[in-house]
Student: 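This is the structure I want to talk about, given as C-alpha cells.
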2 protein chains.
Amino acid sequence: MREEMPRAVTTICNALQEQIEHGLLPPGSKLPAERKLSEVFDTTRITLREALVQLEARGLIYREERRGWFISPPRLAYDLMRRSHFHAMVQAQGRVPATQVISARLQPASAVICGLLQLPALSSVIQICRARRIDERLVLYVEHYLNPEYFPQILELDLNQSLTELYARHYDIRYGQVRFEMVPTALPVEAAGALKVSIGSPGLRIARVNHDQRGRLIDCDLEYWRHDAIHVSAVVADI
Amino acid sequence: MREEMPRAVTTICNALQEQIEHGLLPPGSKLPAERKLSEVFDTTRITLREALVQLEARGLIYREERRGWFISPPRLAYDLMRRSHFHAMVQAQGRVPATQVISARLQPASAVICGLLQLPALSSVIQICRARRIDERLVLYVEHYLNPEYFPQILELDLNQSLTELYARHYDIRYGQVRFEMVPTALPVEAAGALKVSIGSPGLRIARVNHDQRGRLIDCDLEYWRHDAIHVSAVVADI
DNA sequence: TTACCTATCTGGACTAGACCAGCGCTATTT
DNA sequence: AAATAGCGCTGGTCTAGTCCAGATAGGTAA
C-alpha cells in the first residue's frame with residue numbers, strides 16, 4: 001500500500017488555486033517573481049513555470065510580457081443574442097472599456113477577406129485594426145474589414161469610438177443578420193503583439209460576418225480574445 | 001545591421017506547420033518520436049516539446065498519452081442554430097461517430113447542478129457520463145444531468161445511443177429552448193482522463209441547459225471538447 | 001493457438017544551471 | 001522640473017542531462 005503522491009506541478013497548481021479562490025490574491029494583483037515562487041515551492045523555475053502555464057490555461061492567471069503574472073479578473077459575458085457593441089457591453093457589466101486604433105487604411109483584400117465579403121479578386125477593403133481594454137487590461141485585438149462602397153470617408157472619422165455608432169450616425173446602417181464563427185486557438189503574432197502577450201498564448205478567435213438592416217453584406221470582423229477574458233452564451237429556441 | 005534571428009521554437013513550429021499544410025503529414029498520422037525530432041532540429045527535448053505544445057495550442061497537432069503526437073483532423077462544425085444530436089451531426093459531415101458510456105446512476109445533485117436545473121437542495125439527479133469519438137479519435141467528454149421526474153427507468157435503456165432519440169422514442173420529449181455557455185479552459189481531470197489526454201490540455205467547455213417542447217427544464221449537459229476538435233458557428237438575425 | 005512475460009520505446013516529469021532583452025526605478029544631467 | 005542614462009529585476013529562451021511509467025511488440029511457455 002503506497003501513498004499516491006501527486007506531481008509537483010499539480011501540487012503547485014492546487015496551492016495557488018486555493019489561495020486565489022479564497023481571495024488572498026485578488027483579481028489584478030501580481031504574483032511574486034518566478035524565481036521567488038520556485039524557492040517557495042522548492043522546485044526548478046521550469047517546473048514552476050509549467051504550473052503557471054497550466055493555471056493560465058484554466059484562465060485563473062495571465063501574464064504581461066516581461067512584467068509578471070497577475071490574477072485574472074472575471075470573464076466578460078458575451079451574449080450572441082443580445083449583442084451590443086463593445087463599449088456598451090462592457091459598461092453594462094460595470095466595467096471600464098477603452099479602445100485604441102492601431103492602424104486604419106484602404107488596402108488590397110486578401111483571399112480570405114474576399115471570400116468572407118464576397119468581393120471579386122483584387123478588390124480593395126478598408127482595414128481597421130484596434131486593441132481594446134477592459135479595466136485597463138488588454139483583452140481583445142480586432143481586425144475590421146469594411147466594404148468601402150458603403151463607407152465613404154470613414155477613415156477621416158475618429159475610429160477610437162464604437163464603429164456600430166459611427167455606422168448608425170453617419171451612414172444610417174445598422175446590423176441585421178450576423179454570422180459568428182468561434183474557434184479556440186493560439187493567438188497569431190499580430191494579436192499577441194497588440195495584446196502584449198507572449199506569442200502562442202491561448203486565445204479565442206471569433207469571426208463575424210455582418211449584414212445590415214437591408215440585408216447587404218457590409219463588413220466582417222476578426223476578433224482575437226484573450227481566452228480567459230470572456231464566456232460566450234446564447235439562447236436558442238425551437239431547434 | 002543585424003539579421004533578425006527567430007527563436008528556435010518559432011523555427012521548429014514553422015517547419016512543422018509548413019509540412020503539415022502541404023500535406024506531407026496527413027491528418028491522423030504520427031510524428032516521429034520527440035527524441036528523434038530534437039535531433040532533427042538539433043535542439044533539446046525541452047525546446048522541441050515547447051514547439052509541439054505551441055502547435056497543439058494552434059490545433060494543428062494533438063497527443064495521445066504516452067503514445068505520441070499526431071496530426072489533427074479537420075474540426076467538426078458545430079452549429080448552434082441547426083443543432084442535431086452528436087451522431088447525426090458527425091455523420092452529416094461524412095465522419096464516423098461512436099459513443100461509450102462511462103457511468104450512469106442516480107445520485108445526489110451538486111450545488112451547481114441544483115442551480116442549473118432549478119432543483120431544491122439535496123435533490124437526486126441522473127448523471128450519465130459518456131466519451132464520444134469522431135473517426136475513432138476521442139474528442140468529447142459529456143456529463144448529462146437529467147431531472148429524474150421526467151425520465152423514469154431510463155437507466156435500464158441502452159445509453160450508448162443518442163439521448164435525443166431516446167427522449168423522443170420513450171418519453172415523447174423533444175428539445176425546445178436551449179441555453180449554451182461556452183468557456184475556453186483547460187480540461188478538468190475527469191475529462192482529461194476519459195479523453196486520454198494529459199491533464200491541463202486546452203479544451204472548450206460547453207454547458208447546455210435544455211427545455212423541452214413544453215418549456216419544462218428537463219436536463220443539462222456539461223460538454224468538454226478537445227479544443228482542436230470543433231469550430232462553433234451561429235447565425236443571428238435582427239439583433 | 002492462446003496467454004503471459006519481458007525488453008524496448010515512447011512520452012511525462014523533473015533537476016540545475018545559463019544568457020538575453022525589456023521593463024521600471026533611481027540617480028544623474030541638462 | 002524635465003529629460004536621460006544606468007542598472008537591477010523580471011520573464012523569455014535554451015542547454016544537457018536524469019528517472020519514471022505506460023504502451024507496444026516479440027518471444028516464450030502452457
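Below, read A as the first sequence line, B as the second, and so on, with proteins coming before strands; counting in each chain starts at 1.
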Student: Please tell me which of Glu65(A) and Glu34(B) maps to the more 5' nucleotide of DNA chain C, matching each residue to the nucleotide holding its nearest heavy atom.
Tutor: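 So the residue in question is Glu34(B).
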Student: Quick one: is Thr43(A) getting a side-chain N or O under 4.0 Å of the dC14(C) phosphate, OP1 or OP2?
Tutor: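 Checking Thr43(A) against dC14(C): no side-chain N or O falls below 4.0 Å of OP1 or OP2.
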Student: Can you tell me which nucleotide in dG11(C), dG11(D), dT15(C) comes closest to the side chain of Ala33(B)?
Tutor: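 Between dG11(C), dG11(D), dT15(C), the one nearest the side chain of Ala33(B) would be dG11(C).
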Student: Check the distance between dA13(C)'s P and Ile12(A)'s CD1 and give it to me in whole angstrom.
Tutor: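 That distance rounds to 12 Å.
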Student: Measure from NZ or CZ of Arg137(B) to the centre of the six-membered ring of Tyr62(B) and say whether it is under 6.0 Å with the direction within 45° of the ring axis.
Tutor: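 Ring-cation test returns yes.
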Student: In whole angstroms, how far is the P atom of dT10(D) from the NZ atom of Lys30(A)?
Tutor: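 Checked: the NZ to P distance equals 7 Å.
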Student: When all nucleic acid strands are considered with a 4.0 Å heavy-atom cut-off, which category describes Arg63(B): base, sugar-phosphate, or nothing?
Tutor: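 The answer is sugar-phosphate, as Arg63(B) gets under 4.0 Å only of primed atoms, P, OP1 or OP2.
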Student: Roughly how many Å is it from CZ in Arg49(A) to C1' in dA16(C), rounded to a whole number?
Tutor: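 After rounding, the gap between these two atoms is 16 Å.
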Student: Tell me the interatomic distance from Arg35(A), atom CZ, to dC9(D), atom P, rounded to whole angstroms.
Tutor: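 Those two atoms, CZ and P, are 11 Å apart.
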Student: Once you round it to whole Å, what is the distance between C1' of dG12(C) and OH of Tyr62(B)?
Tutor: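 In whole Å, dG12(C) C1' and Tyr62(B) OH are 19 Å from each other.
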Student: Need to verify one output field. Residue with the more 5' nearest nucleotide on DNA chain D, Thr44(B) or Lys36(A)?
Tutor: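 Nearer the 5' end of the strand: Lys36(A).
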Student: Which of these nucleotides, dT10(C), dC14(C), dC14(D), is closest to any side-chain atom of Ala8(A)?
Tutor: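 Shortest atom-to-atom distance from the side chain points to dC14(C).
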Student: Determine, stepwise, if the pair Leu31(A) / Leu52(A) fulfils side chain to side chain contact (heavy atoms under 4.5 Å, CB included).
Tutor: CA-CA 10 Å; Leu31(A) 287 178; Leu52(A) 293 177; 4.0 Å; yes
Student: What is the distance, to the nearest angstrom, from the CD1 atom on Ile46(B) to the C1' atom on dC19(C)?
Tutor: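 Nearest whole value for this atom pair: 16 Å.
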Student: Mind checking Arg45(A) for me? I need base, sugar-phosphate or nothing, with any heavy atom below 4.0 Å counting as a touch.
Tutor: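 The residue Arg45(A) makes base contact.
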Student: Given dT15(D), dG12(C), dG11(C), identify the nucleotide with an atom nearest to the side chain of Ser198(B).
Tutor: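 Looking only at side-chain atoms, Ser198(B) lies closest to dG12(C).
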Student: What I'd like to find out is whether the side chain of Thr99(A) reaches to under 4.5 Å of the side chain of His87(A), using heavy atoms alone.
Tutor: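 A side-chain contact under 4.5 Å exists here.
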Student: Determine the contact category for Arg66(A): base if any of its heavy atoms lies under 4.0 Å from a base atom, sugar-phosphate if only primed atoms, P, OP1 or OP2 are that close, otherwise nothing.
Tutor: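 Result for Arg66(A) = base.
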Student: Between dT10(D) atom P and Leu31(A) atom CG, what is the distance in whole Å?
Tutor: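 It is 13 Å, rounded to the nearest whole Å.
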Student: In whole angstroms, how far is the C1' atom of dG12(D) from the CZ atom of Arg67(A)?
Tutor: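 It works out to 16 Å between those atoms.
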Student: Between dT15(D) and Thr47(B), is there an OP1 or OP2 to side-chain N/O distance shorter than 4.0 Å?
Tutor: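 For Thr47(B), the contact criterion (side-chain N or O under 4.0 Å from OP1 or OP2 of dT15(D)) is met.
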Student: Looking at Trp225(A) versus Tyr78(A), is the centre-to-centre ring distance below 6.0 Å?
Tutor: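 Yes - the distance between ring centres of Trp225(A) and Tyr78(A) falls below the 6.0 Å cut-off.
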Student: Please report the shortest heavy-atom distance between Gly200(B) and Ala57(A), naming the atom on each side.
Tutor: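 Gly200(B) and Ala57(A) have their closest heavy atoms at O-CB, 4.3 Å.
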